[in-house]
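Residue numbers start from 1 in every chain, and the chains themselves are labelled A, B, ... in the order their sequence lines are given, proteins ahead of strands.
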4 protein chains.
Amino acid sequence: MSSLSSPNETPARRERRKEARPGELLQAALTLFVEKGFAATRSEEVAQRAGVSKGTLFLYFPSKEDLFKAVIQENIGKLFPLWSDEMQQFQGSSSDLLRHCVQSWWTQVGATPASGIVKLVMSEAQNFPEIADYYQREVIAPGRELLCRVLARGVASGEFRPMDVSQAVYTLIAPMIFLMMWKHSVGACAPSAQMKDPEEFLQLQVDLLLHGMTSKAS
Amino acid sequence: MSSLSSPNETPARRERRKEARPGELLQAALTLFVEKGFAATRSEEVAQRAGVSKGTLFLYFPSKEDLFKAVIQENIGKLFPLWSDEMQQFQGSSSDLLRHCVQSWWTQVGATPASGIVKLVMSEAQNFPEIADYYQREVIAPGRELLCRVLARGVASGEFRPMDVSQAVYTLIAPMIFLMMWKHSVGACAPSAQMKDPEEFLQLQVDLLLHGMTSKAS
Amino acid sequence: MSSLSSPNETPARRERRKEARPGELLQAALTLFVEKGFAATRSEEVAQRAGVSKGTLFLYFPSKEDLFKAVIQENIGKLFPLWSDEMQQFQGSSSDLLRHCVQSWWTQVGATPASGIVKLVMSEAQNFPEIADYYQREVIAPGRELLCRVLARGVASGEFRPMDVSQAVYTLIAPMIFLMMWKHSVGACAPSAQMKDPEEFLQLQVDLLLHGMTSKAS
Amino acid sequence: MSSLSSPNETPARRERRKEARPGELLQAALTLFVEKGFAATRSEEVAQRAGVSKGTLFLYFPSKEDLFKAVIQENIGKLFPLWSDEMQQFQGSSSDLLRHCVQSWWTQVGATPASGIVKLVMSEAQNFPEIADYYQREVIAPGRELLCRVLARGVASGEFRPMDVSQAVYTLIAPMIFLMMWKHSVGACAPSAQMKDPEEFLQLQVDLLLHGMTSKAS
DNA sequence: TATGAATGAGTCTTCATTCAT
DNA sequence: TATGAATGAAGACTCATTCAT
């Protein structure tokens, strides 16, 4: 436009805010949703925490549910394409790839507030079918697909025993889901019930699975 | 009403019902809570399904939350003393005992509506701290204790390798929790995400664990 | 029930209120809707004017729209069956019957708050399609049908000239609608625009029509 | 932008548009108000349809209400001076003049979107007293005055019987108002209730009136 | 002039719980 | 005990209007 007139112009403050808003709101929503639950978080609280008025929230997200969907996408959904690429380029053994997957998930979801989103969705799925659908499409399906590909890779290379990968994935999913649910429900309320070392638990689970699955072990 | 009938006849239906009331309410609550969720179930629905009026429900249970607690106790809490006894009297190997535990849990909780209660509690724990406390006391603690004893039994007899039982139990708990959560959240909403054969999955998990844990396997 | 025990019992106060409530609410709604319009009347105002709380209103009418429908039925809809009977039994000439119809309408609707309802429905029809449907079914259709029967009666007896009754009715409807609209819009706001003598106007209109319609007149 | 072009060329499109803005906004408002109602039309929609931003609308019209007033003036108010002139110069009989008036109204209002404005004003008059006042001043008063003059002309010439013209005008106004209200409320919602041939209806009404009014008829 | 981001007042409806009967 | 009428707090979302740019 007028880029020729001012050499190092920056967007007007108003403009910069406009671009920053969605992120600020998403961040606020993530924190509050995880802390208080989706239903228990008032839209206005989210707006306040992001430093804007109620109306502004609805300027960027047509509804509270859409805000939730965006939070899912921002914190989890967008990881799958990246992971998919990583997997494609991975050079090592399938065991290592599997370990890498679980590790990545732990680092980027399990150990972060995003884990609260997973817990939330599983908790509220019944009450918000549209969110459940969205989650199924954007998270569950890609997630399963990714893990299935990893298992299939191992089977194809002869590293893993032949198996029904579409069922076997649950063996990987289960400990992850468990960890997130536990952390954000009983773990959050009764410190005594908290898990001591989730990462070690995860390690153990994966080792167990690999030993059970690798050809050499049998 | 029954004033015309003989005084020493069997208690009138009304009176017999009177004693059955709490149980009927509990049954109705279980069904509805599992089907629609805790928040989405109206107290009046519970009363209606039990054939009494809204007021009567509050005569037996001071609040909806208390009703929930009673449902937990009735459907899950009361199982632990029984299981504890069973365990005490079990004669076989610790592997078999472990399998038996998981089997019992599956039969009496996992495959029944009670599994929905577990899902519900994990979902609502944050919103109802009192319920979380209650659950921790009446379910989690006894459950962990029971499984810890089983593992310790195996270790003591030399059947299992030495281990930190208090962490190892999570390896058993995880697939159970996962199964219940999955079934009642994504599984209930997206048929495509449903698990095909939960029992087989469970079997597999236990086998995996036992192979990884038993001395002979190493 | 126990009617044999107490000779002249009356329903408990609570009970009597229950039966009186709908009427009280309907009355309050009629007044407020006519005075302020449907959209501009808050549900709570209606409840307050009826001396109950907001919640109670929704105990008797599932929604504000349903309340409106009930107001229509109560104040206008229920008149048609009565009028239909009257017409059936009318013995005089069709001219007299027509005059009687218009007279009845004026006495029971035009000159009463019910006229405000008609104005309201015509005003809000676009914004509340469901109400428009209801009104069409419960008021317009029966009203037209009634007037058509009257005209047909006159034609059949040779008192009126042959005509397309289904279009001719509008000649009768028009001045009534006009009177109600005028009274509740410009008439209500600008006293100077108010009609002086609506009844005389109506008389004049009917006379004009009858002159035009009666066979002898031609 | 146009700084590169010759200074004395025809006004740039932008500038020409600038002067056309109010008219475009008025046109857009007319269409939308009639289609969706006043309250249901968002200011932004009007602006959008006129190809400008929300802010610009408020630059030309201080409020939505003022926009409405301008729409009234533009589509109805400005007709009366013209009609008044026409009447002044009319040479034929008063019957013909009356027919001409009704005809003109039908052509320029009744059959055009302007009829929707009349309906709207009558609907919203209570909620917007200022609009009601404005309408009374700019439309009702001049309209009545015009018709009164026509009737008085007929009476003065002996063509019509003596009458209270200030009341008699309603006999002319009624069918017009009715037609507009009907078309834009029930007629718009329930096709079955729509009038078949409004023009014929109008004709009939006028004939009826003239028969009743002309001296010869008595 | 023109823009469009931001504001915040306003309202229907649900439902756990109470209490007069 | 049992009933069910009554209560009232709580929350998402819209949109006319403003004002910094």
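The CD-P distance, from A/Glu45 to F/dC13, rounds to 15 Å in whole Å. Residue D/Glu44 contributes atom CD, which lies 13 Å from atom P of F/dT14 at whole-angstrom precision. One interatomic measurement links the two molecules: CG of C/Leu57 to P of F/dA5, which rounds to 15 Å at whole-angstrom precision. In this entry the distance linking CG of B/Asp66 with C1' of E/dT17 reads 13 Å, nearest Å. A/Phe68 has its CZ atom 14 Å from the P atom of F/dC13, to the nearest Å. In this structure, D/Glu65 places its CD atom 12 Å from P of F/dA16, rounding to the nearest Å. If you take CG of D/Leu25 and C1' of E/dT1, they are 13 Å apart, rounded to a whole angstrom. The distance between atom CD of B/Gln48 and atom P of E/dC15, rounded to the nearest whole Å, is 13 Å.
Along DNA chain E, the nucleotide closest to B/Thr41 and the one closest to C/Phe38 are compared, and the more 5′ of them pairs with C/Phe38. The 5' end of DNA chain F is approached more closely, in terms of each residue's nearest nucleotide, by A/Thr56 than by the other of A/Thr56 and D/Gly55.
Aromatic pair A/Phe68/A/Phe128: centroids not less than 6.0 angstrom apart.
Which of F/dA6, F/dT17, E/dC12 sits closest to the side chain of C/Arg42 comes down to E/dC12. Side-chain atoms of A/Lys64 lie closest to F/dC13 of the nucleotides F/dC13, E/dC12, F/dC15. Considering only side-chain atoms of C/Leu59, the nucleotide from E/dA6, F/dA6, E/dT3 that sits closest is F/dA6. Of the candidate nucleotides F/dT3, F/dA16, F/dA12, F/dT3 has the atom nearest to the side chain of B/Ser53. The side chain of C/Ser43 approaches E/dT13 more closely than any other nucleotide in the set E/dA6, E/dT13, E/dA2. Side-chain proximity of A/Lys54 to the nucleotides F/dC13, F/dA2, F/dA16 is greatest for F/dC13. If you check E/dT14, E/dA6, E/dT17 against the side chain of C/Phe58, the one that comes closest is E/dT14.
Residues A/Glu45 and A/Lys36 are in side-chain contact: their nearest non-hydrogen atoms beyond the backbone lie under 4.5 Å apart. The shortest distance between side-chain heavy atoms of C/Phe38 and C/Ile131 falls below 4.5 Å. D/Cys189 has its side chain out of reach of C/Tyr135: every pair of non-hydrogen atoms, C-beta onward, lies at least 4.5 Å apart. Residues C/Gln126 and D/Glu35 have side chains not in contact (no heavy-atom distance under 4.5 Å, counting atoms from C-beta outward). At a threshold of 4.5 Å between non-hydrogen side-chain atoms, the residues A/Leu26 and A/Leu30 do not count as touching.
Taken together, the paired segments of DNA chain E that extend over three or more consecutive Watson-Crick or G-U pairs, each closer than 3.5 Å at both contacts, are E:2-21 with F:2-21.
Side-chain N/O atoms of A/Tyr60 include one lying less than 4.0 angstrom from OP1 or OP2 on E/dA6.
With D/Thr56 contributing its side chain and D/Val52 its backbone, the two residues share no donor-acceptor pair below 3.5 Å. Side chain of B/Lys119 to main chain of A/Ser123: a donor-acceptor pair is present (N/O by atom type, distance under 3.5 Å, no hydrogens or angles).
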